Each structure stands twice: as C-alpha cells, then as structure tokens.
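Chain identifiers are assigned alphabetically (A, B, ...) following the order of the sequence lines, protein sequences preceding nucleic acid strands; residue numbering begins at 1 within each chain. The shown structure was predicted, so the numbers you read here are calculated from the model rather than taken from an experiment.
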Protein chains: 2
Amino acid sequence: MKDVVSNCPIEEVMRVLSGRWPTLLLYYLKDDTKRFSDLRRDNPTLSHRMLALELRKLEVAGIIRRTAYPGYPLRVDYDLTASGLRLVPLIDALGDWWENRTGDHADPAEKTPEQLVSAA
Amino acid sequence: MKDVVSNCPIEEVMRVLSGRWPTLLLYYLKDDTKRFSDLRRDNPTLSHRMLALELRKLEVAGIIRRTAYPGYPLRVDYDLTASGLRLVPLIDALGDWWENRTGDHADPAEKTPEQLVSAA
DNA sequence: TCCTGGTTACAAAATAGTGCGTAATTTACA
DNA sequence: TGTAAATTACGCACTATTTTGTAACCAGGA
C-alpha cells in the first residue's frame, strides 16, 4: 500500500507536513530567502539527500518556491509562496495548542469512571 | 540520534501528529466514544499492533482518554479529552488551507526572475 | 473454546544517511 | 599559458536505521 490517494484534504496535508523537516524548513524560510547550502548549514543533522527530497515535496505542494539562476557555480533560491506564508500561522496555532494543552488526561475524571481500571 | 528532545513545541506536536493514523483516529473519535474493536473495524488497513501503539501515543499526549472497565471480556473505551477536542478545529484549518491553497507556485513570478531557469 | 485489548518476538518494508559523480566557470599557481 | 582545483546543487547507488506488519500468546469468565 504505497501511495493511497486519499481524497481527504487532511490526510493529504499530513502527508506533506509529516516528519521532522517540513515544519522546520517552513520556519527557516518564514522570513528569509535561503539557498540550499544555507539550509544545510542551518541544521547539520539534515542530510543533503533529505533536504533535496523535502524541498521538492514542499515545492510540489506549493508551499515553497524554487528559483534557479543560470551559470556556475549553481545558484538556487528557496522562499515561501503566498500559500506557504498562510500556512505558517496554522502551524503556530498547533504549537500554541501543544504548549497550553491542559494535562486533563490526568485529571479527576469527569466521566463517572467509578469502576475505572488502571491500564494494564 | 533517536529521541532528540526538541524543546520546540511545533517539533513536539508534529512528532505526535505525524503519520497517517493520528488525525484519522482524531476524526473517528471526534463525536463518539469508541472501543478498540470499533476502531479496528472502522479501518481495516490499520493493524492491531499499530492501533495499540497509536492509541497509546495519543493518550500519553493527552489527546485521547482511555477508560478501561474491569471484567472479562475486556472492555476499553476511547474518546477525546478536552484538549483533544480543541485540537480538532486546528486540524480542520489545515485541511481547509490545503483545499484552498492557490496554485501560486505556478504563477507568473512576482520576484523578477528575469534569468529564471527551469529546474534541472 | 471464545471473547477483548493488549504485548512480544521476528520478518518485511519503508525511510534516511553516506559518499561519489557531475556540470561550467572562476581562481590558483607554476 | 596551461592545467589543476574549487565551487554549488543536486542524482544515484548502496547501506544503515526505523517503522510497520504478522503471528502467536496472555488473562479469566461465559
């Protein structure tokens, strides 16, 4: 089951946004235009292969724009598209939610679990 | 580099939400309380093992609540916590963004790419 | 024996990292 | 003047690591 076309927008966004790198790259590109080598320097734990793959994925998804200039040495710029920019606050909202989420999974039950049992 | 503690909330949410199942489960539990076996029936492509793993991950993250009743046959209910419910609209927003994102990655450049080159 | 909700061990599959190759021009240097 | 070396953004093949699936096992009562 490789590429199941989902027709569900949420499933599709998540396919693009899942993983460590997409949101990270989003943030590196949020305010600036960056080059491939800039992004690599920005975080060394991201291999050039992954960077290339992720950048392409985000480009195809219309989140970032790739601008290649002719001549050598090569030169390619990356920045967010208008859509990409609109995505940023949504991701921020997730971050805020995470920070402010209550620990209500540990609270004194509101669902009459009189016969509640501690997990196996 | 196994479990890098990120201190970045966005990185942390994405670690929980990444993959096919988290958001799907969120939707199955959005309005109803479900049992393990319900969720399995709801979508057969999710293996028994993965369901157990994902449910635990979401529980630890405070997104869903697990309620186990004593006695056999076993009986365990799952539903969203208050935090989990608050997460739903944020995920919806992502879905909306995806559906309405413009194809501006293909538009007539607004960034003077006079010497633009088609990608390799 | 079946039921439910797991867990574990092992195998298979998907995903990520490493290192080499490449292109066209400039600079380095003898 | 000729040539070797560096530069940048990848693609590719091979390997390492991680994730996921499969199947078997458990508990204890009906």
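- Taking atom CD1 on A:I64 and atom C1' on D:dA9, their separation rounds to 14 Å, with Å as the unit.
- Phosphate proximity of C:dG5 to B:S37: present, with a side-chain N or O under 4.0 Å from OP1 or OP2.
- Annotation: of the two residues near DNA chain D, A:H48 and B:Y72, the 5′-most nearest-nucleotide partner is A:H48.
- Here A:R35 does not pair with A:D38 in a salt bridge; the nearest charged N to carboxylate O distance is not below 4.0 Å.
- Under the salt bridge (Lys or Arg N to Asp or Glu O under 4.0 Å) test applied with A:D79, the options A:K34, A:R65, A:R66 reduce to a single match, A:R65.
- Residues B:E54 and B:W21 have side chains that never bring a donor and an acceptor to within less than 3.5 angstrom of each other.
- What separates CG of B:L74 from P of D:dG28 is a distance of 10 Å, to the nearest Å.
- Distance, B:R20 CZ to C:dA14 P: 12 Å, rounded to whole Å.
- Closest contact between the side chain of A:P73 and the listed nucleotides D:dT7, C:dG17, D:dG21 involves D:dT7.
- Ring geometry for B:F36 versus B:Y78: interplanar angle of 30 to 60°, hence tilted.
- Distance CG (A:D38) to P (D:dT7): 15 Å, rounded to an integer number of Å.
- Look at CZ on A:R35: it is 9 Å from C1' on D:dA9, rounded to the nearest Å.
- Distance B:L53 CG to D:dT19 P: 11 Å, rounded to the nearest Å.
- Residue order along DNA chain C, read from the 5' end via each residue's closest nucleotide, puts B:F36 first among B:F36 and B:R49.
- For A:R66, a side-chain nitrogen or oxygen approaches OP1 or OP2 of D:dC10 to under 4.0 Å.
- Following rounding to the nearest Å, B:R41 (CZ) and C:dC3 (P) show an atom-to-atom distance of 12 Å.
- Summarising the geometry, the separation between CZ on B:R15 and P on D:dT19 is reported as 11 Å, rounded to the nearest angstrom.
- Note that the CD1 atom of B:I10 and the CD atom of A:E99 stand 9.0 Å from one another [nearest 0.5 Å].
- Checking A:W21 against B:L55, the closest nucleotide of DNA chain C that is more toward the 5' end is the one next to B:L55.
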